[in-house]
Amino acid sequence: MYRTHTCGELRKENSGKTVTLAGWVQGVRDLGNLIFIDLRDRYGLTQLFFDKSSPLAESAKQLGREYVIQVTGIIRERSSKNAQLETGDIEMLVEQLTVLNESKTPPFTIEDVTDGGDDLRMKYRYLDLRRAVVNKNLLHRHRVAQAVREYMDGQGFADVETPFLIKSTPEGARDFVVPSRLNLGSFYALPQSPQTFKQLLMVAGFDRYYQITRCFRDEDLRADRQPEFTQIDCEMAFVEQEDVLQMFEGMVKHVFKKVRGIELEDFPRMSYADCLKYYGNDKPDLRFGMKLIDVKDVVSGKNFKVFDDAEAVNAIVAEGCSEYTRKQTDELTEWVKRPQIGAGGLIFIKCGFDGSYKSSVDKFYSADDLKKIAEHCNAKAGDLILILSGVLAKTRKATGELRLEMGVRLGLRKVEDYKPLWVLDFPLLEWDEDDKRFNAMHHPFTSWKKEDNELINTNPGAVRANAYDVVINGVELSSGSIRIHSRAQQEKMFSLLGLTDEEAQYKFGFILNAFEYGAPPHGGIAFGFDRFCSIVISNLDYIRDFIAFPKNNSGRDMMLDAPSDIDARLKKELGL
RNA sequence: GGUCUGGUAGUUUAGUUGGUUAGAAUGCUGCCCUGUCACGGCGGAGGUCGUGGGUUCGAGUCCCAUCCAGACCGCCA
């Protein structure tokens with residue numbers, strides 16, 4: 001036994017007790033005749049005390065940061081306490097000191113507010129993980145996983161593992177591939193999701209399946225995207241959309257309750273079409289209003305060509321911003337003109353407190369015209385109306401981005417708020433302008449609404465899918481659908497996606513065949529577990545802090561220095 | 001594939017219109033200190049200004065290329 005207690009648990013009540021602790025030296029405070037050392041482990045900090053009469057004083061002075069030591073001594077109440085520390089009422093009068101391992105001086109400070117940059121922290125991730133703020137994230141992640149398992153098990157879901165070495169079916173994201181030595185020239189692919197396997201488990205009669213499992217996608221990365229990431233993958237048989245919605249709304253609520261003590265209200269529901277119309281994207285942040293307003297009709301016919309010729313003219317109302325200076329409005333205009341937003345320009349109307357209206361297009365609009373626009377937008381005195389125009393889809397997207405940006409600037413996206421939402425009625429297909437064909441919006445196994453059966457042949461782009469997303473605070477947390485479970489319907493879907501019968505059979509023969517042997521109606525959902533953790537725990541959409549060993553922007557593991565070249569012999573064996 | 005931002009002691013950074021010896025904090029280190037807990041005080045060491053070219057009497061600073069990191073767009077069935 002290296003220790004009798006941890007560094008986080010001793011209190012005043014333990015005074016007089018002789019205990020043994022082990023941990024890392026957080027810091028040495030050498031006051032000359034007194035030496036204090038903070039000993040750290042995962043559970044907390046305990047202060048060690050040495051005075052000059054101690055035969056250990058000299059050894060204590062030699063200790064450096066991050067040395068691993070074992071100490072035995074008597075716990076006693078401190079004469080001067082530290083209210084900031086859970087163990088701040090006590091200290092150990094050290095009687096035995098063993099250095100278990102020395103440490104080089106770490107390249108950055110192992111403290112909550114570290115002096116290390118991201119780069120360095122990733123290279124020395126094992127040191128970074130010693131910092132309480134970082135390891136707490138991972139411990140919370142564990143709590144989230146436990147809460148999920150608890151709920152799923154309670155609902156009768158079975159955890160079944162599915163393979164990582166599978167067949168490449170490059171329909172969506174780019175696959176990671178693994179060369180096969182036993183089958184030279186052939187490759188496995190790593191799963192982008194266990195999608196087809198969970199459906200086969202439904203055919204197999206498993207009824208309720210879930211798995212917290214790794215998925216792999218070889219696409220460019222973001223703050224909220226890693227090449228390998230974790231999904232809570234779920235599937236149920238004999239269910240309709242409403243059953244799935246109820247079941248997993250319950251799961252999200254359970255996790256928030258268990259991990260954060262937060263009671264979420266019932267999730268509102270919104271159609272995909274309304275999301276785009278009112279928020280400019282399919283994952284609206286409902287923590288604030290500032291909905292997009294269609295002002296095309298009220299602004300047209302005043303000889304302002306920009307608006308008259310535009311397919312769409314959208315406005316948002318920024319409350320209390322009428323006093324924005326020229327500098328501020330110019331800066332916002334530059335912001336929307338950046339290539340990432342791509343708007344041509346920005347028009348604004350200031351609704352003065354005195355009832356006056358001032359706009360950047362006064363040449364075309366009288367005070368009365370502006371008043372009408374403001375009334376249409378429900379703008380009050382003191383508000384600022386921001387207007388973008390152009391092609392419909394692009395204008396909605398840009399206005400949506402501007403809305404989010406204004407939300408940030410006005411402090412409306414509060415970290416303590418959680419506003420979940422079901423997004424429903426997604427289109428089944430989306431047109432790919434580059435390849436001149438349809439892509440599945442969700443994935444090719446998604447079924448479509450019975451009411452839209454006619455449209456499949458006449459106007460496939462208008463067909464609505466039985467698909468649904470959970471969105472919280474503008475972050476897509478999960479995505480799911482009721483699946484196709486008949487061979488004929490699945491073949492129809494593949495043909496819509498431009499696959500020949502031969503291609504469909506080659507890539508997806510296994511699931512088409514399975515559908516011929518009594519596949520039950522089924523559907524499911526998959527949650528991005530890393531994102532789920534980042535939202536539940538810190539309400540941020542930055543997942544690297546919740547992954548023990550994440551990869552950087554370019555998919556590199558800075559600690560391992562991977563990916564790397566491989567041994568020439570191995571290459572030869574793999575026929576590379 | 002594209003846009004933008006950054007790269008200066010171990011670390012985080014300042015560095016003005018190009019001009020003498022590149023400054024600070026922190027960390028490290030030596031001495032002093034009996035109640036610290038971001039301990040304090042006095043001293044010390046520590047820099048190829050990412051790399052390579054160019055302009056110039058002179059470049060951390062200007063120009064070109066390149067590498068690395070980060071954010072975003074495209075991409076992510």
Find every protein N or O atom lying less than 3.5 Å from an N or O atom of nucleotides 1-3 of chain B, and list the pairs.
residue, atom, partner, partner atom, Å
B:G1, O6, A:Asp220, OD2, 3.2
B:U3, O2, A:Gln340, NE2, 2.9

A:Asp119 CG - B:A71 P separation (whole Å): 11 Å
Between B:G30 and B:C64, how far apart are the P atoms? Round to whole Å, please. 48 Å
Write down the distance separating the P atoms in B:U5 and B:C31, rounded off to the nearest Å. 49 Å
Atom CZ of A:Phe216 to atom P of B:A77: distance rounded to whole Å? 16 Å
Taking B:A38 as the reference, what is the distance to B:U61 when you measure between their P atoms (whole Å, please)? 41 Å
For the pair made of CG in A:Asp115 and C1' in B:A9, what is the distance, rounded to whole Å? 13 Å
Value rounded to 0.5 Å, distance of CG in A:Asp224 from CD in A:Glu476: 10.0 Å
Interface residues of residues 543-552 of chain A with RNA chain B (non-hydrogen, below 4.0 angstrom): A:Arg544, A:Asn552
State whether A:Phe49 and A:Arg76 meet the cation-pi test: NZ (Lys) or CZ (Arg) under 6.0 Å from the six-membered ring centroid, and within 45° of the perpendicular axis. yes
Salt bridge present between A:Asp561 and A:Arg556 (N-O < 4.0 angstrom): yes
Quote, to the nearest angstrom, the C1' distance that separates B:C28 from B:U17. 38 Å
Could you tell me the separation between the CG atom of A:Leu120 and the C1' atom of B:A9, rounded to a whole number of Å? 14 Å
B:A22 versus B:G46 - spacing of their C1' atoms, nearest Å: 14 Å
Donor-acceptor pair under 3.5 Å: do we get one between A:Arg225's side chain and the base of B:C76? yes
For the pair made of CG in A:Asp561 and C1' in B:C68, what is the distance, rounded to whole Å? 12 Å
When rounded to the nearest Å, what value does the distance between P atoms of B:G19 and B:C62 take? 11 Å
How does each nucleotide of nucleotides 29-50 of chain B score, in 5' to 3' order, for protein heavy atoms under 4.0 Å: base (B), sugar-phosphate only (S), or none (-)? ----BBBBB-B-----------
